[in-house]
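Notes follow once the structure below has been shown.
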Amino acid sequence: MVALTNPPMEQFFVKPSKPNTTPLIIPDIPLIDLSKPESKHHLVKACLDFGFFKVVNHGVPAKFINKLESEAVKFFDSPLSVKEKSGPPDPFGYGNKSIGKNGDVGWVEYLLLNTKPESVYQVNFQGVVNDYVTLVKHMACEIMELLADEMKLQPRNVFSKLLMDENSDSVFRLNHYPPFPEFQEHAKDDRKLVGFGEHTDPQIISVLRSNNASGLEIFLRDGSWMSVPPDSESFFINVGDSLQVMTNGRFKSVKHRVVANGTKSRVSMIYFGGPPLSEKIAPLPSLMQEEERSLYKEFTWFEYKNSAYKSRLSDNRLGLFEKITAP
């Protein structure tokens with residue numbers, strides 16, 4: 001039997017950071033058609049301006065998406081005693097409410113899986129996950145090669161080779177944000193129910209797909225949170241911390257969170273593309289302009305991953321690896 005924590009309900013709510021959390025200007029989420037020749041230009045612009053965008057004509061057949069979502073829903077609808085057989089997460093496996101080991105909590109249950117081919121899951125839909133991850137990883141690599149093309153980086157697989165490496169430290173996550181019938185009883189002063197607290201993704205790139213339930217929010221430069229309209233037909237892409245470092249801060253790793261609406265179940269599926277543990281992460285020399293200084297200390301993915309997962313979700317994880325430059 002897995003002992004699940006039951007934090008006080010107050011911990012699941014967050015107060016608005018400002019009296020008015022409505023963005024001063026509500027921007028459009030960049031929408032990029034991967035079948036168009038000009039997509040690589042729009043991809044780079046989205047990474048520079050937002051660090052977040054969605055893609056269509058992505059090449060992942062709907063049958064693979066729908067099959068995995070169906071299996072995920074079936075798993076999360078199972079009795080707790082059945083789900084507990086896949087937990088606790090150490091680091092892979094089933095988790096409930098507690099996120100990581102540093103006190104972060106959320107109104108979420110999840111299944112975190114290793115994507116290495118030899119991995120064995122304690123779930124009966126491993127083949128469905130493998131098929132989906134293979135397709136999504138291919139799409140992520142295509143996006144990164146288009147980015148390299150537009151930025152005139154050589155070789156064009158300078159980013160994608162890290163995901164294709166047999167030692168790539170990539171992971172796959174299924175999140176379920178169940179309904180919360182008592183929401184109105186606990187919500188006060190415009191507080192929101194935290195599904196997954198604010199954070200950036202430490203890897204290179206994240207590929208997210210969810211059902212038609214809202215909840216995803218991104219943090220804008222004016223200090224406000226913007227709700228991302230759900231779109232089950234598209235994939236949402238996040239720039240990760242490691243890609244921000246490799247581009248010396250040109251691409252932005254956007255802070256984001258999920259808030260639960262209390263009435264509708266949200267299921268999301270996220271592929272986190274990470275490099276091998278021994279890979280050194282630093283700004284690419286071919287990208288650095290004359291006399292441009294590196295904003296970051298060089299580190300291995302193992303060092304950064306280890307540091308990131310010892311921190312709280314909302315911590316500035318890259319702060320420890322930033323160089324202090326003289327004014």
Side-chain angles (χ1 to χ4, degrees), residues 2 34 54-96 99 108-145 160-178 196 201 203-213 230-238 240 265-277 305:
V2 178
L34 292 181
K54 68 178 181 178
V55 296
V56 294
N57 287 325
H58 41 68
V60 181
K63 65 178 182 180
F64 291 96
I65 300 171
N66 297 336
K67 178 62 175 175
L68 180 54
E69 182 179 296
S70 175
E71 292 292 342
V73 169
K74 191 184 306 181
F75 173 81
F76 289 122
D77 280 347
S78 302
L80 184 58
S81 59
V82 173
K83 291 182 286 191
E84 285 175 342
K85 293 177 181 178
S86 297
D90 188 29
F92 302 107
Y94 172 77
N96 189 330
I99 303 171
V108 62
E109 58 178 342
Y110 61 88
L111 192 61
L112 187 62
L113 304 172
N114 193 336
T115 63
K116 287 185 170 59
E118 68 273 14
S119 301
V120 177
Y121 312 148
Q122 297 299 316
V123 293
N124 61 4
F125 52 97
Q126 179 168 348
V128 178
V129 172
N130 290 343
D131 289 344
Y132 178 87
V133 167
T134 297
L135 290 163
V136 169
K137 179 171 72 172
H138 177 79
M139 174 183 55
C141 288
E142 178 188 357
I143 288 171
M144 289 192 293
E145 289 177 4
S160 63
K161 68 180 181 181
L162 302 177
L163 270 59
M164 296 305 296
D165 192 295
E166 63 179 9
N167 294 314
S168 168
D169 186 44
S170 299
V171 297
F172 182 67
R173 187 180 190 105
L174 293 166
N175 285 337
H176 175 227
Y177 304 92
F196 210 105
D201 295 338
Q203 291 88 354
I204 298 172
I205 192 170
S206 307
V207 182
L208 163 72
R209 187 265 172 196
S210 65
N211 63 354
N212 273 320
D231 182 350
S232 62
E233 303 298 318
S234 305
F235 282 93
F236 291 92
I237 313 295
N238 278 3
S265 175
R266 174 181 167 90
V267 175
S268 59
M269 314 183 294
I270 314 103
Y271 167 75
F272 298 97
L277 291 172
K305 178 182 177 181

Next on the checklist: Is there a side-chain contact between Ser210 and Arg266 in this structure, where contact means two heavy atoms from C-beta onward sitting under 4.5 Å apart?
Outcome noted: yes

Checklist entry - How long is the gap from CZ on Phe75 to CG on Asn124, to the nearest 0.5 Å? => result 9.0 Å

Next on the checklist: Over 60° means perpendicular and under 30° means parallel, so tell me whether Phe235 and Tyr132 are parallel, tilted or perpendicular.
Outcome noted: tilted

Next on the checklist: In the structure I gave you, are the side-chain heavy atoms of Pro61 and Leu135 within less than 4.5 Å of one another anywhere?
Outcome noted: yes

Item to check | Gap separating the CG atom of Asp131 from the CZ atom of Phe125, nearest 0.5 angstrom | outcome: 13.0 Å

Checklist entry - Which heavy atom of Ser170 sits nearest a heavy atom of Gly273, and at what distance? => result OG-CA, 3.5 Å

Next on the checklist: Nearest 0.5 angstrom please: Glu109 CD to His176 NE2, how far?
Outcome noted: 5.5 Å

Checklist entry - Any side-chain heavy atom of Ile143 sitting closer than 4.5 Å to one from His58? => result no

Checklist entry - Mind checking whether Asn167 and Leu277 have side chains closer than 4.5 Å, heavy atoms only? => result no

Item to check | Closest non-hydrogen atom pair between Val123 and Ser86, with its separation | outcome: CG1-OG, 3.7 Å

Checklist entry - Below 4.5 Å, heavy atoms only, C-beta onward: do Phe76 and Pro178 meet side chain to side chain? => result no

Next on the checklist: Looking at Glu233, I want to see if its CD is surrounded by more than 12 non-hydrogen atoms of other residues, nucleotides or ligands under 6.0 Å.
Outcome noted: no

Next on the checklist: Measuring from atom CG of Asp169 to atom CD1 of Ile204, what distance do you get when rounded to the nearest 0.5 angstrom?
Outcome noted: 10.0 Å

Checklist entry - Could you go step by step and tell me if Glu84 and Asn96 meet the side chain to side chain contact (heavy atoms under 4.5 Å, CB included) rule? => result CA-CA 9 Å; Glu84 285 175 342; Asn96 189 330; over 6 Å; no

Checklist entry - Looking only at heavy atoms, which two atoms of Ser232 and Asn212 are closest? And how far apart? => result OG-ND2, 3.2 Å

Checklist entry - Heavy atoms, side chains only, cut-off 4.5 Å: are Ile65 and Met269 in contact? => result yes

Next on the checklist: For Ile205 and Leu163: C-alpha separation, side-chain torsions, deciding distance, then whether side chain to side chain contact (heavy atoms under 4.5 Å, CB included) applies.
Outcome noted: CA-CA 9 Å; Ile205 192 170; Leu163 270 59; 4.0 Å; yes

Checklist entry - Counting distance only, does the side-chain N/O of Asn238 pair as donor-acceptor with the main-chain N or O of Ser206 below 3.5 Å? => result no

Item to check | Which atom of Ser168 lies closest to which atom of Lys116, heavy atoms considered | outcome: O-NZ, 3.2 Å

Next on the checklist: For a quick test of reading the model, state the closest non-hydrogen atom pair linking Tyr110 to Asn175 and the distance between them.
Outcome noted: CB-OD1, 3.2 Å

Checklist entry - Once you round to the nearest 0.5 Å, how far does OH of Tyr271 lie from CG of Leu208? => result 14.5 Å

Checklist entry - Between Leu162 and Pro276, what is the shortest heavy-atom contact and its length? => result O-CD, 3.7 Å

Next on the checklist: side chain to side chain contact (heavy atoms under 4.5 Å, CB included) for Phe272 and Thr115? Distances and angles first, verdict last.
Outcome noted: CA-CA 10 Å; Phe272 298 97; Thr115 63; over 6 Å; no

Item to check | Side-chain heavy atoms of Phe64 within contact of Val136, under 4.5 Å | outcome: no

Checklist entry - Hey, is the main chain of Asn130 close enough, under 3.5 Å, to the side chain of Thr134 for a donor-acceptor pair? => result yes

Checklist entry - Between Leu80, Val82, Leu174, which is the residue that forms a side chain to side chain contact (heavy atoms under 4.5 Å, CB included) with Tyr94? => result Leu80

Checklist entry - Among Met139, Lys137, His138, which one satisfies side chain to side chain contact (heavy atoms under 4.5 Å, CB included) with Cys141? => result Lys137

